[in-house]
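Counting begins at 1 with the first residue of the sequence. Only a predicted model underlies this, so the values are computations on that prediction, with no experimental measurement involved.
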Amino acid sequence: MRTALARYGTAAAALSLALCAPAPTSARADGADGPVPGPARTAAGNAGAELAAHRAAGGLDFGPCPRAEQLPAPVRCAALRVPLDYTRPDGPQISLTVSRVPATGRGGARRQGALVYNPGGPGASGMFFPLLADRPAWRGVAAAYDLVGYAPRGVGRSAPLTCLDPAQLPHGPTQVPARPSAAYKQERRAAARAYALGCARHAGPALAHYSTLDNVRDLHVLRAALGERRLTFMGASYGTYLGAVYATLFPDRVRRMVFDSAVDPDPRRVWYLDNLGQAPGFERRWADFRSWAARHHASYGLGATPQAVQASYERVRAAVARTPADGAVGTGELHAAYLQTAYYDDVWPERAAALAAYLRGDPGPLTEQAARDPETVREAANSTAVYTAVLCNDAPWPADWETWDRDNTELARRAPFETWANAFLNLPCASWPVPGRQRPVEVGQGRGPLPGTLIVAAERDGATPYPGALELQRRLGARASLVTERGAGTHGVAGGRNDCVDRHVERYLLTGATPGWRVSCAPHPEPAPVSLDDRAASAPRALLPPVV
């Protein structure tokens, strides 16, 4: 799923072009899957996780956070040692970074333990999560829970994974054709193969151990290291799949779980079909943005119809294809910046204002929003590497280009906005140089019953389309409750956008009470237009790291 990369916007777009470096010859590139790991290996890995959890119980030593984390007091940090390969629990170990702020106890609240958060991706870091303790939407929860974040394996300072040499990081503007030609597709296929081999060259044999099963086992060890007998967890986007697989493998260790913006966990869809399923959702949300801009034509002058707004966007696209804005924003950066509109409606005012300003001769706002900076590029390179490794390791992908070309060509006819960009991002999985890729876990077919769980989803979410929430609820069973934000599509529902949703989440986390099988909330208000003279940033995303 593309969700980890959304945070990094234009940097991720540049990286998704995956510079076509010379391919090393020491790793496989034939796309063969090799033998699929069987139940015995899965059982051995789970047994290794149990042993590692037993050894780690209550063993985290929190202290001041390293400067690199940019986390001020009262947040404290620790390092968690976990096996690289859980079938060899006494073998090589890696270190994961963990952050925590203690329960505040406001209003005399009784401490209920630790709430662990995963923001998804895969490839996103949750180290920022404790900083939310003082935000209004989180104060009630933070009174009763230690807020715990962590960087999953491969991310940030947690055994960081990379697939590119420093010289391969993009530096200039990128140009992406509106419709890929046969020659461009061939170029991207070569780039995807080189990128996959770069992952193998940098990671070596460890590359096979960046997967959802490994992430789940890391979470199991983290639970024990925090001194928690059972896990209280909140996951967003890919984090919902992580939580669902955890609940399937370790149901007796689940206390409470919130699934925000659910990935469809059907193993037949993980991950190739899940990614194809994003394209119509992104197309719908891109149309929502254009409709909103058209309703505010008086503010922006982009056109009074969605079609006219599209024409305004195409004029900007054609212009930056000829001459990158301020020498920094080409069509790749432009597309990535406006893909954000399909994730978060709170960026709509600033994106519309940037288009309007550019068309009036001022490229400044567009450059501010779309150009990348070197630090973001490095973070996005790391996020992209982890994203790719986890998705490619988790499941078999089509190895033949004809399947990719047929499916995405047909899909692009009705959903052109993001189809090919997403396809090219995931294309390294067609030639992934790790034999024996896993079979997805049958979520819901666990070893025992689950306590009540809570799913929250937006009806028009593009990144994790709403049918995924219905499928997750079906698989988790009768005690799983679904709260739907009707008529809305922002990715990531809980944590400050919708008071109705937040009340359900807080009540569940504090009491364990679920609101019923299926309930709904009215949509959060659409953003108000911002004048061209108002350059203030849009409201912060509910669960993205605040500026510190």
Side-chain angles (χ1 to χ4, degrees), residues 6 9-10 176-179 279-323 325-326 329-370 412-419 421 458-463 465 485-491 497-498 522-539 541:
T10 56
V176 180
R179 294 178 180 83
F282 285 137
E283 197 72 27
R284 183 171 59 247
R285 288 299 286 162
W286 175 238
D288 288 348
F289 165 69
R290 291 184 288 117
S291 296
W292 176 88
R295 291 196 296 276
H296 297 291
H297 174 60
S299 295
Y300 300 114
L302 295 175
T305 66
Q307 295 78 10
V309 175
Q310 179 72 37
S312 293
Y313 176 80
E314 295 298 339
R315 288 198 298 275
V316 175
R317 191 185 193 285
V320 301
R322 293 189 300 269
T323 306
D326 290 330
V329 178
T331 55
E333 289 75 28
L334 178 76
H335 176 80
Y338 283 82
L339 176 61
Q340 296 271 309
T341 66
Y343 281 90
Y344 312 114
D345 59 19
D346 53 16
V347 305
W348 289 0
E350 63 188 50
R351 293 296 190 269
L355 287 180
Y358 185 92
L359 291 171
R360 296 182 186 184
D362 178 10
L366 182 62
T367 302
E368 291 171 9
Q369 295 176 37
R413 293 191 181 103
R414 53 192 172 91
F417 180 64
E418 180 61 8
T419 292
E459 203 169 36
R460 295 180 66 80
D461 187 352
E485 186 183 22
R486 299 189 310 272
T490 286
H491 185 59
R497 280 195 185 86
N498 189 307
H524 66 274
E526 285 190 340
V530 176
S531 72
L532 294 178
D533 294 329
D534 185 354
R535 299 290 173 82
S538 64
R541 249 64 85 212

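Closest approach of Leu302 and Ser312 over heavy atoms only: O-OG, 2.7 Å. Taking both residues in full, the closest heavy atoms of Ala337 and Arg351 are given as O-NE, 2.7 Å, listed atom of the first, atom of the second, then distance. Of all the heavy atoms in Pro349 and Ala528, the pair that sits closest is CG-O, 3.4 Å. The shortest heavy-atom contact between Thr331 and Val176 is OG1-N, 2.6 Å. Across all non-hydrogen atoms, the minimal contact from Pro306 to Ala294 is N-CB, 3.8 Å. Summarising the geometry of Ala421 relative to His335, their closest heavy-atom pair is CB-NE2, 4.1 Å, with the distance given to 0.1 Å.
In this structure, CG on Leu334 lies 9.0 Å from OH on Tyr358, to the nearest 0.5 angstrom. The distance from the CZ atom of Arg315 to the CD atom of Gln310 is 11.0 Å, given to the nearest 0.5 Å. To the nearest 0.5 angstrom, Arg285 atom CZ is 10.5 Å from Ser291 atom OG. Rounded to the nearest 0.5 angstrom, Asn498 CG and Arg486 CZ are separated by 9.5 Å. Considering OG1 of Thr419 and CZ of Arg179, their distance stands at 12.0 Å, rounded to 0.5 Å. Here Glu350 contributes atom CD and Gln369 contributes atom CD; the two are 4.5 Å apart, rounded to the nearest 0.5 Å.
Between Tyr313 and Trp286, the distance from one ring center to the other falls under 6.0 angstrom. You'll find the ring centres of Phe282 and Tyr343 inside the 6.0 Å limit. Between Tyr300 and Trp292, the distance separating the two ring centers is shorter than 6.0 angstrom.
The closest side-chain heavy-atom distance from Glu459 to Glu485 is not below 4.5 Å.
The residues Arg497 and Asp346 are annotated as salt-bridged, a charged nitrogen and a carboxylate oxygen being separated by less than 4.0 angstrom. The pair Glu526-Arg295 meets the salt-bridge criterion, since a charged nitrogen lies less than 4.0 angstrom from a carboxylate oxygen.
Judged by distance alone, with hydrogens and angles left aside, the side-chain atoms of His491 form no donor-acceptor pair with the main-chain N or O of Asp461 at under 3.5 Å. Judged purely by atom type and a 3.5 angstrom limit, Glu418 has no side-chain atom pairing as donor or acceptor with the backbone of Ala279.
Residues satisfying the side chain to side chain contact (heavy atoms under 4.5 Å, CB included) test with Thr323, not counting sequence neighbours, are none.
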